[in-house]
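Heads up: the structure comes next, in structure tokens.
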Amino acid sequence: MIEDKKVKRVLVIGSGGREHAIVDALARSSRVAKIFCAPGNAGIADKAECVDISVTDIDDLARFAKDNNIDLTVVGPEAALAEGVADRFAEDGLAIFGPTREAARIESSKEFAKEIMERHGIPTASYRAFDNFDEALAYVKSRPLPAVVKYDGLAAGKGVVVAPTYEEAEAALRDMLLGAAFGKGRVVIEDFLAGPEFSFMCIVSGRKVYPLAIAQDHKRAYDNDEGPNTGGMGAYSPVPFVTDEIREKALKEVMQKTADALADEGIHYCGVLYGGLILTAEGPKVIEFNARFGDPETEVVLPRLKTDIYTLFESAVAGVDCPTSWNPETCLGVVLAAEGYPGKYAKGIEIEGTDKVSGDVLHMGTARKEGKLVSAGGRVMMITATGGNVAEARDRVMADIRKINAPGLFWRTDIGHQSI
């Protein structure tokens, strides 16, 4: 029987808006007494004790968890998973919510993910993988435009180029294969899929799949989906165009099928499986998988979760069932980013007025300097609000943003436009 006392001690790994949302959800738990976050940020510090340990320093993280009697660790960023933090914690018998390094290859290697999907009949775009520039370019030129060029490894959400011309595809290939823009060069080249995109995160424990609420994020920097791809400029949940029938089809034919595929191949998966999906004329297909909570989708999904999140995490680690319930209202969030992002941008921009906001302020890249709140990253913070529908929630967010004084930040005004 699950006790209802606030006794659990939790460590959250990460420092962005996603981790802020996870910390907020844990702070609402009837079972959590103490939250630590490594390394955390200026906003997270209001609800958790921030610990100065890097997300990739897995030995120090394990040592901290052991020394501080942590009941459960929750992993935010992909870098920690790719480093093998879950494997390291398992060596010490420490409970952790996050997949092993091998399981996290579903995100850290685009080619690995594609091979899994191909072997198990999971719907996705046709592809080829290359590490030779000339061969990759010849293949692109033999296929219709636009071309989708993806760096095979981790690239902080920026390793995908949808090229409308052969010249742009060639430039992307030069960056990824010859210029080593993200590291050792290998790319996956996919056929372009048309349709609206949506994000389907599920908590997976072996073959058990607990679906979370559907969300849609907005990758392009500027209104009307223009400008460069970013880590995400805003999101909302639920998504009206994803009907119950579409959701069930995606759950059965994509998310459950992928959990089963990993299990069939001897890979135990425990953590969040993020499906970046697209609704094509043939039904939902996979654009990409991530091995952790999406950012910024987590910031609009977790506020709608009525189930105690600690119990949900604990159940996944133990491999037992845990039904979820949801607030039907829409949650929408808009990211405030430093001008120049995702390229070069300034840090240290002073931010005033967050105390006047009616909704929630989720910190992504912030710091305290001489008692003042300042920017410390490209995506600085996310303002979220709930409403009866997408338009109402967005109006509330935009009203809140007008209360904030931070010259040097920019944001989109059309988050949720596909559903309004």
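Computed over heavy atoms, backbone and side chain alike; hydrogens, waters and symmetry mates excluded.
Between the Y345 side chain and the G378 main chain, a donor and an acceptor come within less than 3.5 Å of each other. Proximity of a side-chain donor or acceptor of R292 to a complementary backbone N or O of G98 within less than 3.5 Å is not detected. A distance-only check finds no donor-acceptor pair linking the side chain of N405 to the backbone of G353 [under 3.5 Å]. In terms of modelled atom types and a separation under 3.5 Å, the side chain of R396 and the main chain of T386 share a donor-acceptor contact. The backbone N or O of V357 sits nowhere less than 3.5 Å from a side-chain atom of D400 that would complete a donor-acceptor pair. Within the 3.5 Å criterion, the main-chain N or O of K8 finds no donor-acceptor partner in the side chain of D71. Side-chain atoms of S205 come within 3.5 Å of backbone N or O of A316 as a donor-acceptor pair. Checking side-chain atoms of E107 against main-chain N and O of A104 turns up no donor-acceptor pair under 3.5 Å. Distance alone, capped at 3.5 Å, places no donor-acceptor pair between the Q216 side chain and the Y236 backbone. Using a distance-only test at 3.5 Å, with no hydrogens or angles considered, no donor-acceptor pair links the side chain of T280 to the main chain of G195.
Annotation for F130 and E135: closest pair CE2-O, 3.7 Å, computed over non-hydrogen atoms. Summarising the geometry of M364 relative to P296, their closest heavy-atom pair is CE-CB, 4.4 Å, with the distance given to 0.1 Å. The shortest heavy-atom contact between V32 and K6 is O-NZ, 3.5 Å. V300 approaches S237 most closely through the heavy-atom pair O-CB, 3.9 Å. Across S419 and P240, no two heavy atoms sit closer than the pair OG-CD, 3.2 Å. In terms of heavy-atom proximity, I349 sits nearest to G408 at CD1-O, 3.6 Å.
In the model, S29 has a side-chain atom that pairs as donor or acceptor with a side-chain atom of D308 under 3.5 Å. Under 3.5 Å, the side chains of S199 and E297 contain a donor-acceptor pair of N or O atoms. R379 and T230 share no donor-acceptor pair across their side chains, judged by distance under 3.5 Å alone. Using modelled atom types, one finds a donor on one side chain and an acceptor on the other under 3.5 Å when comparing R31 with T311.
Note that CG of L251 is 4.5 Å distant from CZ of F200, once rounded to the nearest 0.5 Å. Interatomic distance, T298 OG1 to D24 CG, rounded to the nearest 0.5 Å: 12.0 Å. The distance from atom CE of M381 to atom CG of L409, rounded to the nearest 0.5 Å, is 7.5 Å. One distance of note links CD1 of I401 with OG1 of T413; it measures 9.5 Å at 0.5 Å rounding. Atoms CD and CG, on E288 and L277 in that order, are 9.5 Å from each other to the nearest 0.5 Å. Remark: R304 CZ to S325 OG distance equals 11.0 Å, nearest 0.5 Å.
Annotation: side chain of I267 is not in contact with side chain of R105 (no heavy-atom distance under 4.5 Å). Considering only heavy atoms from C-beta on, M255 comes within 4.5 Å of L273 through its side chain. For the pair F293 and V301, the minimum side-chain heavy-atom distance is 4.5 Å or more. The closest side-chain heavy-atom distance from V55 to P39 is below 4.5 Å. Here the side chains of V334 and I383 are not in contact, with every heavy-atom distance at 4.5 Å or above. Taking 4.5 Å as the limit, every side-chain heavy atom of C37 sits out of range of all side-chain heavy atoms of V51. Counting only heavy atoms from C-beta outward, the side chains of L332 and I415 approach each other to under 4.5 Å. Looking only at side-chain heavy atoms (C-beta outward), L61 and R88 stay at 4.5 Å or farther from each other.
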Evaluate I203 against L312 for side-chain contact (heavy atoms from CB on, under 4.5 Å), listing each step before the verdict. CA-CA 9 Å; I203 288 179; L312 189 54; 3.5 Å; yes
Under the criterion side-chain contact (heavy atoms from CB on, under 4.5 Å), I'd like the reasoning laid out for L305 against W326: C-alpha separation, chi angles, the key distance, then a yes or no. CA-CA 5 Å; L305 179 66; W326 298 88; 3.7 Å; yes
Quick one, T73 with L94, criterion side-chain contact (heavy atoms from CB on, under 4.5 Å). Give me CA distance, side-chain angles, the key distance, then yes/no. CA-CA 8 Å; T73 297; L94 297 164; 6.0 Å; no
Please walk me through it: do E245 and K249 pass salt bridge (Lys or Arg N to Asp or Glu O under 4.0 Å)? CA-CA 6 Å; E245 183 183 3; K249 189 178 176 77; over 6 Å; no
What verdict does the side-chain contact (heavy atoms from CB on, under 4.5 Å) test give for R143 and D191, after you've listed the backbone C-alpha separation in whole Å, the side-chain angles of each residue and the deciding distance to 0.1 Å? CA-CA 8 Å; R143 306 293 294 173; D191 288 351; 2.7 Å; yes
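Heavy atoms from other residues, nucleotides or ligands lying under 6.0 Å from NZ of K34 number more than 12. No more than 12 heavy atoms of other residues, nucleotides or ligands sit less than 6.0 Å from atom CG of D244. Within a 6.0 Å sphere centred on NZ of K403, other residues, nucleotides and ligands contribute more than 12 heavy atoms. Under a cut-off of 6.0 angstrom, the local environment of NZ in K257 is crowded, with over 12 non-hydrogen atoms contributed by other residues, nucleotides or ligands. The neighbour count for E91 CD, taken as heavy atoms of other residues, nucleotides or ligands under 6.0 Å away, is above 12.
For the side chain to side chain contact (heavy atoms under 4.5 Å, CB included) test with F97, the passing option among Y310, F89, F313 is F313; the others fail. Looking at K110, E111, E118, M117 one by one, the single match for side chain to side chain contact (heavy atoms under 4.5 Å, CB included) with K114 turns out to be M117. Under the side chain to side chain donor-acceptor pair (under 3.5 Å) rule, D225 has a single partner from R412, K219, R220, H218, which is R412.
With Y139 as the aromatic partner, R128 meets the cation-pi criteria of under 6.0 angstrom to the ring centre and within 45 degrees of the ring axis.
Using bins of under 30°, 30° to 60° and over 60° for the plane-to-plane angle, the ring pair F241/F198 lands in the perpendicular bin.
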